[in-house]
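So the structure is just underneath, and the comments pick up after that.
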Number of protein chains: 2
Amino acid sequence: MKYELSACRVEDALGILVGKWKPIILLHLLNHGTQRFNQLRRSMPGITQKMLTKQLRELETEDIVERVVYAEIPPKVEYSITEYGRSLQPILEAMHEWGVKHTVHKQTK
Amino acid sequence: MKYELSACRVEDALGILVGKWKPIILLHLLNHGTQRFNQLRRSMPGITQKMLTKQLRELETEDIVERVVYAEIPPKVEYSITEYGRSLQPILEAMHEWGVKHTVHKQTK
DNA sequence: CTCTACAGTATCCTTTTAGATACTATATTA
DNA sequence: TAATATAGTATCTAAAAGGATACTGTAGAG
């Protein structure tokens, strides 16, 4: 295998992707493009406002998600995935593919 | 994008891979094949015995890792990755690739 | 007879993550 | 004049993850 000494690199990606809601947020932004705060919230039943804010802030800090605030009332804030964030797509896809097989595995064993 | 309604599948993979030591354990088993308990332990400075045991038990429960006990004294226990566990390799690879780019990104931005 | 290697358990403690709930400000709508 | 939508904060609590430390049993080596 080609990696070996740089095995720890895997954890960088993991560190960004873990969080109960992060992959869901990213998939939403990938699939639906720019979204407002409450738009995201409504598409994730079960998430609290605090959690959504927190996860988005973390993704923003990592430069995965961009946050644009409009000086309007009522407030308008738009979230979108960055080019850099888009680079995570292959990982999400690999996990998705695996997830589908995994379901099958559980059923047939 | 091809997934959409089945977005949650991504979390199945994530659920198996998260844990401070799991990806490291899996990479070791992928790179070095069957390993004894203390062999793994020595290759992961910083992990405690309890943690290694715990992570291995969880991976065993998920059928990602196989545990073989030899009735010898001193004890001998061998761990290896299962065929099913090997199916995670594309994910680990995708994360590794990303991790390398990520490092570059951090440096150049 | 004591020491070491092996593969663990058991117990306690700290940190991190997640969740519940209540609160804020303001323009627009009815 | 009161309710609504928006995008949050603040505070408290519960649960999960991670870590430190001490302990176990037994064959073989010295």
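Below, chain A is the first sequence line, B the second, and so on; all start at residue 1. The figures that follow rest on heavy atoms only: side chains count, while hydrogens, waters and symmetry mates do not. Here the structure is a predicted model, which is why all the values come from computation and not from measurement.
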(message) Does D:dT6 have its OP1 or OP2 closer than 4.0 Å to a side-chain nitrogen or oxygen of A:Arg42?
(response) yes
(message) For a quick test of reading the model, state the closest non-hydrogen atom pair linking A:Leu92 to B:Val10 and the distance between them.
(response) O-CG2, 3.7 Å
(request) Output yes when at least one side-chain N/O atom of A:Arg41 is less than 4.0 Å from OP1 or OP2 of D:dG8, else no. (result) no
(message) Within the 4.0 Å limit for protein heavy atoms, which parts of nucleotides 15-20 of chain C are touched? Write it as a string from 5' to 3', B for base, S for sugar-phosphate only, - for none.
(response) ---BBB
(request) Tell me which residues in residues 68-79 of chain B put a heavy atom below 4.0 Å from DNA chain C, sorted by number, or none. (result) B:Pro74, B:Pro75, B:Lys76, B:Val77, B:Tyr79
(request) Starting from C1' on D:dG8, measure out to CD on A:Gln39 and report it in whole angstrom. (result) 17 Å
(message) Please report the distance, rounded to the nearest Å, between CZ in A:Phe37 and P in D:dA5.
(response) 16 Å
(request) Quick one: closest heavy-atom pair of B:Pro45 and B:Trp21, and the distance? (result) O-CH2, 4.0 Å
(request) Please work out if A:Arg36 contacts a base, only the sugar-phosphate, or nothing of the nucleic acid, heavy-atom cut-off 4.0 Å. (result) sugar-phosphate
(message) Check whether B:Thr82 reaches the backbone of B:Ile64 with its side chain - one donor and one acceptor, N or O, closer than 3.5 Å.
(response) yes
(request) Round to a whole Å and report the spacing from CG of A:Leu52 to P of D:dT9. (result) 11 Å
(message) Using whole Å, what does the distance between atom P of nucleotide D:dT24 and atom CD of B:Gln49 come to?
(response) 15 Å
(request) Compare side-chain N and O positions of A:Arg57 against OP1 and OP2 of D:dA7 and report whether any pair is under 4.0 Å apart. (result) no
(message) Let me confirm one number: the CE-CD distance from B:Met44 to B:Gln55, rounded to the nearest 0.5 Å.
(response) 9.5 Å
(message) I need the A:Arg67 CZ to A:Thr61 OG1 distance, nearest 0.5 Å.
(response) 10.5 Å
(message) Tell me the interatomic distance from A:Leu56, atom CG, to D:dA7, atom P, rounded to whole angstroms.
(response) 11 Å
(message) Please determine whether the number of non-hydrogen atoms from other residues, nucleotides or ligands lying under 6.0 Å from atom CD of B:Glu83 exceeds 12.
(response) no
(request) Working to the nearest 0.5 Å, report the span between CD of B:Glu66 and CD of B:Glu78. (result) 10.0 Å
(message) I need the CE-P distance between B:Met44 and C:dA7, as an integer number of Å.
(response) 13 Å
(request) Would you name the heavy atoms of A:Pro23 and B:Leu14 that are closest together and state the gap between them? (result) CG-CD2, 3.5 Å
(request) With sequence neighbours left out, write down each residue that passes side chain to side chain donor-acceptor pair (under 3.5 Å) with A:Arg57, or none if nothing qualifies. (result) A:Tyr79
